[in-house]
Amino acid sequence: MTAMSTRTCPCGLPEPYAKCCGRYLPQSRTNSTGGTPIGAAAAPTAEALMRSRYCAFVQQDAAYLLRTWHPRTRPASLDFDAGMRWTGLEILGTGDGSAFHSVGTVTFRASFRGGSLHERSRFERVDGAWVYVDGDFLE
């Protein structure tokens, strides 16, 4: 896995990875100020979870993806295409998915070398944490 602590976060927000999605993805190292391990926080919104899951796809972090997948729809395992190179994430819209909701949607376009994936994803809270349920591919 590539260290992403100082680069701009792959999710498209202008913050360094460690201060953005790195807060949610588990890492064995601690943050730059010491103390709390990176990845100790839970994503507070469906959009934040979507962004962190995109970063997990960039890093091919199957454990995080499976852990943040709804138990009802979670696959037994994930296989990554070694040649896949994700190149950007664009959030096109959100519906609910805040701290005040139990369900939410995020519509996004994830670009990769040679194309893009356009999806409306559904999220739910399970035991207080946002998880990915499923999604519909859009044109």
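Only heavy atoms go into these numbers, but all of them, side chains included; no hydrogens, no water, no symmetry mates. Nothing here was measured: the structure is a model prediction, and the numbers come from that model.
The local environment of CZ in Arg120 is sparse, with at most 12 non-hydrogen atoms from other residues, nucleotides or ligands closer than 6.0 Å.
Between Arg53 and Tyr64 the shortest side-chain heavy-atom distance falls below 4.5 Å. Looking at heavy atoms from C-beta onward, Thr107 lies in side-chain contact with His118 at the 4.5 angstrom threshold. Using a 4.5 Å cut-off on side-chain heavy atoms (C-beta onward), Arg122 and Asp136 make contact. Residues Ile91 and Arg51 are in side-chain contact: their nearest non-hydrogen atoms beyond the backbone lie under 4.5 Å apart. In this structure, the side chains of Cys55 and Tyr17 come closer than 4.5 Å at one or more pairs of heavy atoms. The closest side-chain heavy-atom distance from Phe57 to Leu65 is below 4.5 Å. Considering only heavy atoms from C-beta on, Trp130 stays 4.5 Å or farther from Thr68 through its side chain. A heavy-atom distance below 4.5 Å is not found between the side chains of Phe108 and Leu92.
Annotation for Trp69 and Val133: closest pair NE1-O, 3.8 Å, computed over non-hydrogen atoms. Nearest heavy-atom pair, Tyr132 versus Phe123, reported as atom, atom and distance to 0.1 Å: CA-CD2, 3.6 Å. Looking at every heavy atom in both residues, Pro10 comes nearest to Val58 through CB-CG2, 4.3 Å.
Counted by atom type alone, Glu47 and Thr45 present zero donor-acceptor pairs between their side chains at under 3.5 Å.
Taking hydrophobic clusters as Ile, Leu, Val, Met, Phe, Trp and Tyr residues chained together by side-chain heavy-atom distances below 4.5 Å, Val126 does not share a cluster with Leu49.
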